[in-house]
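Read the structure below first, then the notes.
Predicted model, so just to flag it, every value in this text is computed and none were measured. Quick note: numbers below take in every heavy atom, side chains included, and nothing from hydrogens, waters or symmetry partners. Both ligands and their constituent atoms are indexed starting at 1 by order of listing.
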Amino acid sequence: MNPEFIEKLKQTVGASYVLTAEEDRLQYGRDWTRTPGIAGAVVLPKTTQEVSAVLNLCTEFKIPVIPSGGRTGLAGAITATERDLALNLSRLNRIDPVDTLGRTVRVQAGVTTQALHEHCEKEGLTWPIDLAAKGTSEIGGNLSTNAGGVRVIRYGMARRWVSAIQAVLISGEVIELNQGLEKNNTGYDLLQLLIGSEGTLAVITEATLKLCPPPIHSRAFLFSLRDYESLNYVYQKVRSAPFILTSFEFFSDKCLRQVEAKLGRNCKLEKRGALFALIDVEVGPYPQEKDKMDQWLSDLLDAGKIEDGLVADSSNDQSEVWALREGITESLQMSGLVRKYDLCVPVKRCADFLKEAEALYSNLKTKSELFVFGHYGDGSPHLNFLNSEGLSPEIFHSEINQFEKELYPLLKKFHGSVSAEHGVGILKKNWVVYSRSPAELSLYRAIKKAFDPNGLLNPGKIID
Ligand code: MLT
Ligand code: ZN
């Protein structure tokens, strides 16, 4: 990388915040998917003004720049090359006091999701986006990818919980979007445009986040189920139940066994079916609400669709069952090379889609294993392939590529999306055409050009 550029970077942020050692360039040049990447250099600014000065330098020297945070992404959206500067925002980690009247909090991009939750909890409020990666994922990344998580069915995606964004354009200009207003119908909504743009349009440095009170009491159900018919049956029953649903997650027995084997966690259910549903609901304060829920549960059990089940009321018991679901990604990562698909189909067709996708997998006759889990209630299953038999990476990838060629047309048949929540990055770029029309993609290109005429911001991500 140009030595004069590096020198100017050092003058801007301080020499110790410009990293050029190979291990740092590797660490900051890739995300959790471990898609090969290495940055030319890494810069760690502390303030918006420093971010602005860095982007200004990138424009002057024509250096491509890749913004990143906790690097927990799963689409290769921060994968760098030696030509690129990795701009990491983790040092921008200020959290302002909660505005309890407006129910908002102003935070910088590098604040972790968990730190935000802990900060707001003291005021009896929460930012309701809850992610398995919450200890590491950062707000800037959550917004750039429009993170979802396990409570989308109740609260929606990250974009619903933002009322202002501060961002820096590639020219170095700082823009303030929406100023924390609840209502603002003055033309195009650039704040929403930046959310989910994966760092290709501007660098998010701060945000005002909307908060809400957490449920007073919640209850989790873990059900062991025979098949997708039973899963869908339970989902229908939950949808017409007399309580508020917060999560409807599912995972296969294979996922559970992986979590038990790799993370030493333990599922208390004795009778295991092929699938599990993990359901989280809000429990109202009145005894009659609890009675209604008990009646609902007993009717469900009488229907004979559930192999085994447990109810978790205490927060300890709930953490224990949630750890089974939240440990899936980590247990797979620990086990070898993984290829991940985060899809979305209309929820009423989710079971049919999964059955057809599994049939495609069976036809493949591969030695790689399929792990199915995800956000059933959002119609958003995750299909993960693990190279458990140690196939050569070439054979593994070519087999999965073969599967992919059949999976995406199937997805199109179900009117699905190639990415429900992880985003496009580089990993799904070739498949965006299955989710977006040519007219949409030409608007994408025009928007990208308007924000970043020289193509320096996270180039090659989402679209070419
Ligand atoms: C999850 O649902 O656990 C996350 O999206 C991560 C993953 O898909 O591995
Ligand atoms: Zn997910």
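- With Tyr408 as reference, Trp431 is the one residue of Phe403, Trp431, Phe414 to meet the ring-ring contact (aromatic ring centres under 6.0 Å, His included) rule.
- Scanning the protein heavy atoms around atom 5 (O) of ligand 1, the nearest turns out to be His422 NE2, 2.7 Å.
- Among the candidates Arg219, Gln318, His217, the single residue satisfying the side chain to side chain donor-acceptor pair (under 3.5 Å) test with Asp313 is Arg219.
- Nearest heavy atom pair, residue Leu457 against residue Ile170, reads CG-CD1, 3.9 Å.
- For atom 7 (C) of ligand 1, the closest non-hydrogen atom of the protein is Thr329 OG1, 3.3 Å.
- Not close to ligand 1: Glu249, with no non-hydrogen atom less than 4.0 angstrom away.
- Using a distance-only test at 3.5 Å, with no hydrogens or angles considered, no donor-acceptor pair links the side chain of Thr112 to the main chain of Glu138.
- Contact annotation: His375 has at least one heavy atom less than 4.0 Å from an atom of ligand 1.
- Between the Zn ion (ligand 2) and the N, O or S atoms of His375, the shortest distance is to NE2.
- Given atom 3 (O) of ligand 1, the protein heavy atom at minimum distance is Arg325 NH1, 3.1 Å.
- Looking only at side-chain heavy atoms (C-beta outward), Lys262 and Gln333 stay at 4.5 Å or farther from each other.
- Formation of a donor-acceptor pair under 3.5 Å by the Asp342 side chain with backbone atoms of His422 is found in this model.
- Coordination check, Glu421 versus the Zn ion (ligand 2): passed, since an N/O/S atom of the residue sits under 2.8 Å.
- Using a 4.0 Å heavy-atom cutoff, Leu74 is listed among the residues neighbouring ligand 1.
- In terms of N/O distances under 3.5 Å, ligand 1 is not approached by Asn384.
- Two residues are said to be in side-chain contact when any heavy atoms from C-beta on lie closer than 4.5 Å; Arg91 and Gln108 fail this criterion.
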